[in-house]
Each structure stands twice: as C-alpha cells, then as structure tokens.
Amino acid sequence: MITCLGVNRVTDAERAFIDKCIATNDTHAFYTSKRWEALRQQVLRIDHGECQRCKNMYHRHRPATVVHHRQHLREHPELALSIWYTDAT
C-alpha cells in the first residue's frame, strides 16, 4: 500500500480530471495543467534546480528540466500531485 504524506493530496475534482486524462490517453492535458506546473516548480525549488536522476544515478550535477513521478501516473493517479509518499508494504 502506498500512503501520501503531506500537503499535496488530490481533491475529488482533480482526481476526476486525472482519471479523464488517463481514460482518454491525454496525459499531456495533465502535464500542462496549472496545478501540475505549480507542483513542478515547487519540486524544482526543493531540489535546488538539480536533476535528481543525474545526481543519484550518475553522481553528476546537472540543471533539471523534468520532474519525474516516483510512481507512474497511470498506475497511481492518487499520487499525481503528491511530492512525498511512502510505500507502506
């Protein structure tokens, strides 16, 4: 079970929007939404603008241009707007 921690829980309206994006195979609509862009900017600030994948996998410090989901959108839409969560299994 995956549990969301913190402030960025998905509202019912946001979940309906995310589910629609997934059902219609239009995840681009989600990734261009104001809510995702605000969260993306927040994550980039937290990570000091550094690519975490480059830093963790290759020990290189590069500017970040992408924010990745740790759990894929289609598999865990309930975490789509969450920064921190834990796998409680």
Side-chain angles (χ1 to χ4, degrees):
M1 181 173 95
I2 296 176
T3 305
C4 176
L5 303 173
V7 296
N8 295 312
R9 294 185 185 272
V10 176
T11 67
D12 290 342
E14 290 167 337
R15 179 60 190 263
F17 171 69
I18 292 165
D19 288 345
K20 180 182 175 192
C21 290
I22 292 170
T24 60
N25 202 29
D26 186 15
T27 55
H28 177 76
F30 171 74
Y31 289 114
T32 57
S33 69
K34 289 181 182 180
R35 184 76 159 88
W36 170 256
E37 185 56 32
L39 182 70
R40 180 181 173 279
Q41 291 301 319
Q42 183 180 0
V43 170
L44 290 172
R45 278 191 305 276
I46 290 168
D47 292 339
H48 305 288
E50 293 180 325
C51 176
Q52 297 305 296
R53 184 172 282 176
C54 295
K55 187 175 172 180
N56 294 328
M57 292 178 69
Y58 309 111
H59 307 290
R60 295 182 182 152
H61 295 274
R62 304 252 195 259
T65 57
V66 175
V67 172
H68 296 279
H69 287 287
R70 299 212 27 158
Q71 299 291 332
H72 290 250
L73 176 67
R74 292 178 190 279
E75 295 168 18
H76 293 284
E78 73 278 10
L79 300 174
L81 297 170
S82 299
I83 296 174
W84 295 283
Y85 47 85
T86 181
D87 185 350
T89 57

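These numbers come from a predicted model, not from an experiment. Note that these values count all heavy atoms, side chains included, but never hydrogens, waters or copies made by symmetry.
When the side chain to side chain donor-acceptor pair (under 3.5 Å) test is applied to Arg53, no partner is found at least two apart in sequence or on another chain. Scanning for side-chain contact (heavy atoms from CB on, under 4.5 Å) contacts around His59 gives an empty result, with sequence neighbours left out. Residues passing the salt bridge (charged side-chain N to carboxylate O under 4.0 Å, His left out) test with Lys20, sequence neighbours excluded: none. Every residue was checked against the ring-ring contact (aromatic ring centres under 6.0 Å, His included) condition with Phe17, not counting sequence neighbours, and none meets it. Under the rule for a side-chain contact (heavy atoms from CB on, under 4.5 Å), the partners of Thr11 that lie at least two apart in sequence or sit in another chain are Ala13, Glu14. A search for side chain to side chain donor-acceptor pair (under 3.5 Å) contacts involving Arg15 returns Asp19, not counting sequence neighbours. Legend: residues meeting side chain to side chain donor-acceptor pair (under 3.5 Å) with Gln41, ordered by chain and number and at least two apart, are Glu37. Under the side chain to side chain donor-acceptor pair (under 3.5 Å) criterion, Arg74 pairs with Asn25, sequence neighbours left out.
The distance from the CH2 atom of Trp36 to the SG atom of Cys21 is 12.5 Å, given to the nearest 0.5 Å. Here the OG atom belonging to Ser82 is positioned 11.0 Å from the CD atom belonging to Gln71, to the nearest 0.5 angstrom. Note that the CD atom of Gln52 and the NE2 atom of His61 stand 9.5 Å from one another [nearest 0.5 Å]. To the nearest 0.5 angstrom, Arg62 atom CZ is 9.0 Å from Cys51 atom SG. Atoms OG and CD1, from Ser33 and Ile18 in turn, are 8.0 Å apart once rounded to the nearest 0.5 Å.
Legend: salt bridge (charged side-chain N to carboxylate O under 4.0 Å, His left out) pairs involving residues 41-52, not counting sequence neighbours, sorted by first then second residue: Glu50-Lys55.
Contact record, Val10 with Pro77: CG2-O, 4.1 Å, taken as the closest heavy-atom pair. Contact record, Ala80 with Leu73: CB-CD1, 3.4 Å, taken as the closest heavy-atom pair.
For Asn56, the CG atom counts as densely surrounded, since its 6.0 Å shell holds more than 12 non-hydrogen atoms of other residues, nucleotides or ligands. In His28, the NE2 atom is not crowded: 12 or fewer heavy atoms of neighbouring residues, nucleotides or ligands sit closer than 6.0 Å.
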**Request:** Might you work through the side chain to side chain contact (heavy atoms under 4.5 Å, CB included) test for Phe30 and Leu81, ending with a clear yes or no?
**Result:** CA-CA 10 Å; Phe30 171 74; Leu81 297 170; 3.9 Å; yes
